[in-house]
Amino acid sequence: MKTIGVVGGMGPESTIDYYRLLIAAHREACPDGSLPRILIDSVDMQTVLALASARDLPRLSDYLAAALDQLARAGAEIGLLASNTPHMAFDELRRRSPIPLVSIVEATRDAAVARGLHRLGLFGARFTMQGDFYPTVFSEAGMELVVPTPEEQTYIHEKYMGELVAGIFRPETRDNLLAIAQRMQARDSIQALILGGTELPLLLRNVGDAGIPLLDTARIHVQAVMAQAAA
């Protein structure tokens, strides 16, 4: 098993979730009591968000590339960004990274292809819903992505940044997000919803019947990382 390097902190709650998911996935694959070697560089979320808001991809790439270099020097052999938003700079980071990187967007696309989906909704922070990094990757596989209305995007972004990133998970927020998803299913004919923010599964992972399939990008990402780490 290759040593896994995680660029985390974007935000802390989902980084903790990634660690738990990586351990659980390893235990499921290797029930011998062993554990994977995982290195985490927890970067400053506010720096990442400021650069993402400004669409300053060169400086965002520099900042995250430094974290990847540090992980590689510490012994990481395969890397991941434990957040959707910094994937806006993924192509440049993949080019610069001293270790192979596993994309959350590509892993989610592959999971959608495996399920036979072709029209999906996308939730996330505003950077993700309004960015082109998800549509570009999904369009390569002939799939179409639909985002919420501007008003719905504002609600999702404000709850994401104001509550979920801070570790606040309210039942009324969960219910309202699910209501938006169900409206999109009826209005936009989406077949499934991508939880394109790694804090979203912390609120929506265990809702039971959501009325629409939910693609948990954090769990999908971890499965792809573990498959490549074991190869």
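Here Arg59 pairs with Asp56 under the salt bridge (charged side-chain N to carboxylate O under 4.0 Å, His left out) rule; sequence neighbours left out. Listed by chain and residue number, Arg205, Arg219 satisfy the salt bridge (charged side-chain N to carboxylate O under 4.0 Å, His left out) test with Asp216 (two or more places apart in sequence, or in another chain).
Taking every heavy atom of both residues into account, Ala89 and Leu60 meet most closely at CB-CD2, 4.1 Å. Nearest heavy atom pair, residue His87 against residue Leu81, reads CE1-O, 3.5 Å. Nearest heavy-atom pair, Ile156 versus Gly124, reported as atom, atom and distance to 0.1 Å: CG2-O, 3.4 Å. When all heavy atoms of Val43 and Ala67 are compared, the closest pair comes out as CG1-CB, 3.9 Å. Shown here for Met143 and Ala112, the closest heavy-atom pair between the two residues is SD-CB, 3.7 Å. What you find for Arg115 and Leu214 is that their closest heavy atoms are NH1-O, 4.3 Å.
Under the 3.5 Å distance criterion, the side-chain polar atoms of His221 are matched with a main-chain donor or acceptor of Val102. Between the side chain of Ser61 and the main chain of Glu92, no donor-acceptor pair closer than 3.5 Å is present. Looking at Gln191, its side chain never comes within 3.5 Å of a backbone N or O of Leu120 through a donor-acceptor pair. Not one N or O on the side chain of Glu144 forms a donor-acceptor pair closer than 3.5 Å with the backbone of Ile190. No side-chain donor-acceptor contact under 3.5 Å links Thr198 to the backbone of Ala218. Between the side chain of Ser97 and the backbone N or O of Arg94, no donor-acceptor pair lies under 3.5 Å. Within the 3.5 Å criterion, the main-chain N or O of Ala231 finds a donor-acceptor partner in the side chain of Lys2. Of the possible donor and acceptor atoms, one in the side chain of Ser14 sits under 3.5 Å from a partner among the backbone N and O of Gly11.
Here Arg20 contributes atom CZ and Leu22 contributes atom CG; the two are 12.5 Å apart, rounded to the nearest 0.5 Å. The line from CD1 of Ile104 to CG of Asn84 is 4.0 Å long, rounded to the nearest 0.5 Å. For the atom pair CZ of Phe138 and CD of Glu106, the computed distance is 10.5 Å after rounding to the nearest 0.5 Å. With values rounded to the nearest 0.5 angstrom, Tyr160 atom OH is found 10.0 Å from Met129 atom CE. Separating the CG atom in Leu145 from the CZ atom in Arg109 is a distance of 11.5 Å, to the nearest 0.5 Å. Here Thr3 contributes atom OG1 and Ile78 contributes atom CD1; the two are 10.5 Å apart, rounded to the nearest 0.5 Å.
Grouping the Ile, Leu, Val, Met, Phe, Trp and Tyr side chains by contacts below 4.5 angstrom, directly or via other members, places Leu39 with Tyr19. Leu71 and Ile16 are assigned to two separate hydrophobic clusters, defined by single-linkage of ILVMFWY side chains at heavy-atom distances under 4.5 Å. Cluster annotation: Leu178 and Phe169 are assigned to the same hydrophobic cluster (Ile/Leu/Val/Met/Phe/Trp/Tyr, side-chain heavy-atom contacts under 4.5 Å, transitive). By the criterion of side-chain heavy atoms lying less than 4.5 angstrom apart, applied directly or through intervening Ile, Leu, Val, Met, Phe, Trp or Tyr residues, Leu202 is grouped together with Ile23 in one hydrophobic cluster. Both Tyr155 and Val207 are part of a single hydrophobic cluster, where members link through side-chain heavy atoms under 4.5 Å apart.
In the displayed structure, Arg183 atom CZ is contacted under 6.0 Å by more than 12 heavy atoms of other residues, nucleotides or ligands. Within a 6.0 Å sphere centred on CG of Asn206, other residues, nucleotides and ligands contribute 12 heavy atoms or fewer. With a 6.0 Å radius and a threshold of 12 heavy atoms from other residues, nucleotides or ligands, Glu140 has its CD atom above the threshold.
Side-chain contact between Glu163 and Thr173: present, with at least one pair of heavy atoms (C-beta onward) separated by less than 4.5 Å. Side-chain contact check for Leu49 versus Met161: some heavy-atom pair is nearer than 4.5 Å. With a 4.5 Å cut-off on side-chain heavy atoms, Phe90 and Val105 do not count as touching. Counting heavy atoms from C-beta outward, Ile4 and His26 have side chains that stay 4.5 Å or more apart. Between Thr108 and Val137 the shortest side-chain heavy-atom distance does not fall below 4.5 Å. Within the 4.5 Å cutoff, the side chain of Gln130 has no heavy atoms near those of the Val147 side chain. For the pair Met184/Phe123, a side-chain contact is recorded, criterion being any heavy-atom separation below 4.5 Å from C-beta on. Side-chain atoms of Thr154 and Arg126, non-hydrogen and from C-beta on, do get closer than 4.5 Å to each other.
Under 4.0 Å is where a charged nitrogen must lie from a carboxylate oxygen, and between Arg96 and Asp62 at least one such pair does.
The stretch residues 184-202 participates, sequence neighbours left out, in these salt bridge (Lys or Arg N to Asp or Glu O under 4.0 Å) pairs: Glu152-Arg187.
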Q: Check the pair Leu35 / Arg27 against side chain to side chain contact (heavy atoms under 4.5 Å, CB included), numbers first and verdict last.
A: CA-CA 7 Å; Leu35 293 173; Arg27 284 174 170 162; 3.7 Å; yes
Q: Determine, step by step, whether Glu13 and Val165 satisfy the side chain to side chain contact (heavy atoms under 4.5 Å, CB included) criterion, reporting the C-alpha distance in whole Å, the side-chain angles of both residues, the deciding distance to 0.1 Å, and the verdict.
A: CA-CA 7 Å; Glu13 295 295 329; Val165 168; over 6 Å; no
**Q.** Worked check of side chain to side chain contact (heavy atoms under 4.5 Å, CB included) between Phe133 and Asp91
**A.** CA-CA 9 Å; Phe133 56 99; Asp91 289 344; over 6 Å; no
Q.
Determine whether Tyr18 and Ile38 satisfy the following criterion, side chain to side chain contact (heavy atoms under 4.5 Å, CB included), listing intermediate values before the conclusion.
A. CA-CA 11 Å; Tyr18 261 85; Ile38 302 170; over 6 Å; no
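There is no side-chain donor-acceptor pair under 3.5 Å between Asp44 and Tyr63.
Ring to ring, Phe127 and His157 are close: their centroids are under 6.0 angstrom apart.
Checked against Ile194 for a side-chain contact (heavy atoms from CB on, under 4.5 Å), the options Ile220, Leu200, Leu215 give a single hit: Leu215.
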